[in-house]
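Note sheet for the following structure.
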Amino acid sequence: MPVRLRGIDIDTFNVASASISASVNITGTSSGTATTVLSTGVFSVENPGTFLVTVFTPSLTRGTTNLDLELWDGATLLTTLMAHATAAVPLIPVTLRALVALAFGNHNLAVKGFVDAGTGVFGAGAGTTGNPPNAFITVQPV
């Protein structure tokens with residue numbers, strides 16, 4: 001597969017990206033009450049098709065027993081990114097990827113998490129000495 005990279009295309013390689021520099025506590029206990037941990041904000045798709053969504057976090061901590069992460073577009077569930085992670089120690093680091101179909105128009109992708117009980121943590125930091133790096137999401141055409 002040829003790779004196209006011209007000056008005019010470099011700034012459009014990611015159609016959306018966002019990062020956070022502080023951890024988010026996850027307290028929602030179902031998909032319907034999930035906690036939003038990271039969002040792209042609204043972006044526009046001019047060429048509909050398949051997109052690669054990458055989510056990175058330097059650490060994940062489950063709730064009492066498990067942690068789930070899902071990818072949403074507004075109020076529509078696109079896919080589960082991680083189902084029922086049950087590791088007893090923080091998962092360090094975690095990169096999740098999914099291929100999703102996006103139609104023409106505006107989108108707002110959000111990573112949402114929920115736990116069985118207790119509090120989970122979607123880790124992020126400032127990346128300064130002794131602190132973890134930012135967590136981020138990117139959306140790229142395939």
Side chain T35, main chain G28, donor-acceptor under 3.5 Å: yes
With sequence neighbours excluded, tell me which residues meet side chain to side chain contact (heavy atoms under 4.5 Å, CB included) with [X].
X	result
N131	T128
L77	E70, W72
T79	L71, L81, A98, V100
T76	none

Give me the atom names and distance for the closest heavy-atom approach of [X] to [Y].
X	Y	value
F122	F56	CZ-O, 4.3 Å
A110	T36	CB-CG2, 4.2 Å
V45	F104	O-CD1, 3.3 Å
I20	A124	O-CB, 3.6 Å

Listed partners of F114 passing ring-ring contact (aromatic ring centres under 6.0 Å, His included), at least two apart: none
Co-members of I92 in a cluster of I, L, V, M, F, W and Y side chains, linked at under 4.5 Å: none
Inter-residue atom distance N14.CG - L52.CG, 0.5 Å rounding: 9.5 Å
Note, V139 side chain near L102 side chain (heavy atom, < 4.5 Å): yes
Candidate pair L78 and L109, rule side chain to side chain contact (heavy atoms under 4.5 Å, CB included), full reasoning: CA-CA 9 Å; L78 294 178; L109 300 188; 3.6 Å; yes
